[in-house]
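Nothing fancy with the numbering, it's 1 onward along the sequence. What you see is a predicted model, and the numbers here were worked out from it, not measured in a lab.
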Amino acid sequence: MTLRPLIFISAVSRELKSARQLVANTLTFLGYQPVWQDIFGTETGDLRELLRQQIDQCKGVVQLVGQCYGAEPPAPDEEFGRISYTQYEALYARKRGKKVWYLFIDESFPIDAHEPEPEELRELQAAYRRRLQSDTHVFHPLTSSEALEASVLKLRGDLARLRRGVKQWAVAVVALLLALTAATVWLVQAQRRQTGAIQKQGEQVNAIVDRYQKMQQALVRLADVEAQSKQPGSKVSPEEQRANAYAVLEKELGLPAGSLAKELPAFALELYNRSETTPLMRARAAYALGRFDEAEKLSLEGAAQDRQGYESAQRVQEDRRKHAIEGYELAGLSAQKRIQYAEALEHFREAEKLTDRDRNPEEWAEVQFAITNLLLDQGQYSSGENILRTVVGIRTRVLGSEHPDTLRSRNSLDYALWRQAKYVEAETDFRELIKLEEKVLGPEHPDTLVSRSGLANIFLGQGKYAEAEAEYRLIIKLRERVLGPEHPDTLRSRNNLAIAIYNQGKYAEAEVQDREVIKIREKVLGHEHPDTLQSRSNLAKVLSEQGKYAEAEAEYRDLAKIERKVLGPEHPDTLAVRNNLAFVLDNQGKYAEAEAQDRDVIKIEEKVMGPEHPDTLMYRSNLAKVLNDEGKYPEAEAEFREVIKIQEKVEGPEHPETLESCYNFASGLKRQKKLQEAKEFARRAAEGARKVLGPNQPDTQKYEKLLSELQAKP
């Protein structure tokens, strides 16, 4: 059995075989016996027992922590979980109390060529690296073979202590044997001699390592020092230039005068002939030996390899950055589907951190577009509008005004404007957008038809119901020809047509249209599809407007039950149906149940969407109306005042929902005989509607009728 301490080298062979050999050579130079997995008689099956046997014999483990995961046992380890064999080597060594040195290999390190691992394994290794870096172990990413060799040499202090431990163990064994022979005096003398020899050997090892490092530093600095010491226009010979450089380096490194001339050429030759020497270090050795043509050739070879490694690392890093963005975006979209908006925004913000507006504006705009879609879902239309204006500007500049992404961004911007009742601007831009899409995409392209549908929605908001109806009928005709009569987009347009008809007071016709759409949607999409449920909700509203309250109530109750099951109790559609149910209950004089329904809906809405979401405010306004109908005037008045104040801040003083709240509040004040204040709120509703919706819009006429009634009173 050798007294040279055994050091186990842990590394993934496919990635770091050359690096492991370099570590082994350095350890051998320092007087240690390297051991690693490749020299074992490996067999099929589980290799952990074989690894344990090898590690148990070693005094320590040097692990090269690269980017590859490597092979893994056939089943997760009972103690450590799912780990690779390489990870197991270090974990087992630490469990056994062995010293473990972790040498972190940077992505730019010149690794061996190998097939890339699957993404899952790369992520497992990345997690392992993160755990080690957060542990108590000191780590420095190594970017070159020289840095790796220097790091191993720096371990000589720890290794020397291991060597002393081995020697002390050996001396103890000898002492025991000699004690048995009663040679106590001789043992003490031998022990002293052995201790002296160990100390002397340790000093010799330290001196050798120190000299090796200084020779290596001199070799690295030689060409630069020669270049710096040469004066412009001087006639110094190469020999004199070399001698001057040696003198400077000897002073810098604390070496005896003349030592470099004696030792550096031999050191350079030995390094030049070593198989594991990197091209750059071999070029430096050639330079020191005066082989300048070969130094140039080797330097170029090394530079090409390092550049390739650097560019490869950059590509890998860039790919991983893009994958991270995609991952965060997908997580955000998934959370958005679950109506977990806060979580979704956190994920999108993480993706945003990985983008750079100046370096890659297109990528930045893509993430911002995802954020705005989330904001629009939350009813934060003003914030969404601000971001979308920037996104549209960037995409217009980078991609061009006719690129599909630019056009899609404009469509979302116009949607945000529509939801804020900025009808004039939204209508103007929708018309320009449709004209451009018809030119670029064609008049029957799905995106063009989406924009035309948006324009029809503007007409609805403005109370131009006849124009909206005509536009929807044209869209339906185009979609039936392009997509087919049963396509979801076609049915969506028919659903919107029914709304336009309903708003014109054509309730019987709207009911027929709703029932036809429901029948087709149940056939094509199923009875519980959200689109089918939406059409049923529209039908219930039509029934309510016709005074068929009992039938409408039954429809809403059934819808609420299905939507709780399909969409969940906190989904916006579920809450909207429950709010409509409360409205029908109120109209039937079931005030207590209507109030309870509204309060429960508001509580959930505030939790899911926030206290200032437009839907939350609309539901609170509806609750105030129910309280009015119950005769709870003080409570209703307080609720109306608070809701209107928030609506003015969030949606604007002239938004249709704000105006509707003013109208309902005026009606309540009228009941209380507070006529002067009732006139003020009725006037706000009427004048705002006349400006925003137009004088012929039904809501405008309703508000003006109330105002006229109040003005007629003394």
Using salt bridge (Lys or Arg N to Asp or Glu O under 4.0 Å) as the criterion, list what pairs up with [X], not counting sequence neighbours.
{"X": "K561", "value": "none"}
{"X": "D600", "value": "R578"}
{"X": "E528", "value": "K565"}
{"X": "D573", "value": "none"}

So, using side chain to side chain contact (heavy atoms under 4.5 Å, CB included) as the criterion, who are the partners of [X] when residues are at least two apart?
{"X": "T28", "result": "R4, P34"}
{"X": "A147", "result": "L142, S144"}
{"X": "R274", "result": "L22, N25, E149, Y212, E270, L271, E276, T277"}
{"X": "A303", "result": "none"}

Residues pairing under salt bridge (charged side-chain N to carboxylate O under 4.0 Å, His left out) where one sits in residues 362-372, two or more places apart or in two chains, turn out to be R321-E363
Could you go through residues 67-77 and list every donor-acceptor pair under 3.5 Å that involves a side-chain atom there, pairing it with any protein atom two or more places apart or in another chain?
{"unit_1": "Q67", "atom_1": "NE2", "unit_2": "I105", "atom_2": "O", "d": "2.9"}
{"unit_1": "Y69", "atom_1": "OH", "unit_2": "E72", "atom_2": "OE1", "d": "2.8"}
{"unit_1": "Y69", "atom_1": "OH", "unit_2": "I83", "atom_2": "O", "d": "3.4"}
{"unit_1": "Y69", "atom_1": "OH", "unit_2": "S84", "atom_2": "N", "d": "3.3"}
{"unit_1": "E72", "atom_1": "OE1", "unit_2": "R82", "atom_2": "NE", "d": "3.1"}
{"unit_1": "E72", "atom_1": "OE2", "unit_2": "R82", "atom_2": "NH2", "d": "3.3"}
{"unit_1": "D77", "atom_1": "OD1", "unit_2": "R48", "atom_2": "NH1", "d": "3.0"}
{"unit_1": "D77", "atom_1": "OD2", "unit_2": "E79", "atom_2": "N", "d": "2.9"}
{"unit_1": "D77", "atom_1": "OD2", "unit_2": "F80", "atom_2": "N", "d": "3.0"}

For Y341, the ring-ring contact (aromatic ring centres under 6.0 Å, His included) test, sequence neighbours excluded, returns none
So the side-chain hydrogen bond (donor to acceptor under 3.5 Å, both in side chains) pairs with at least one residue in residues 323-337 (sequence neighbours excluded) are Q336-D377
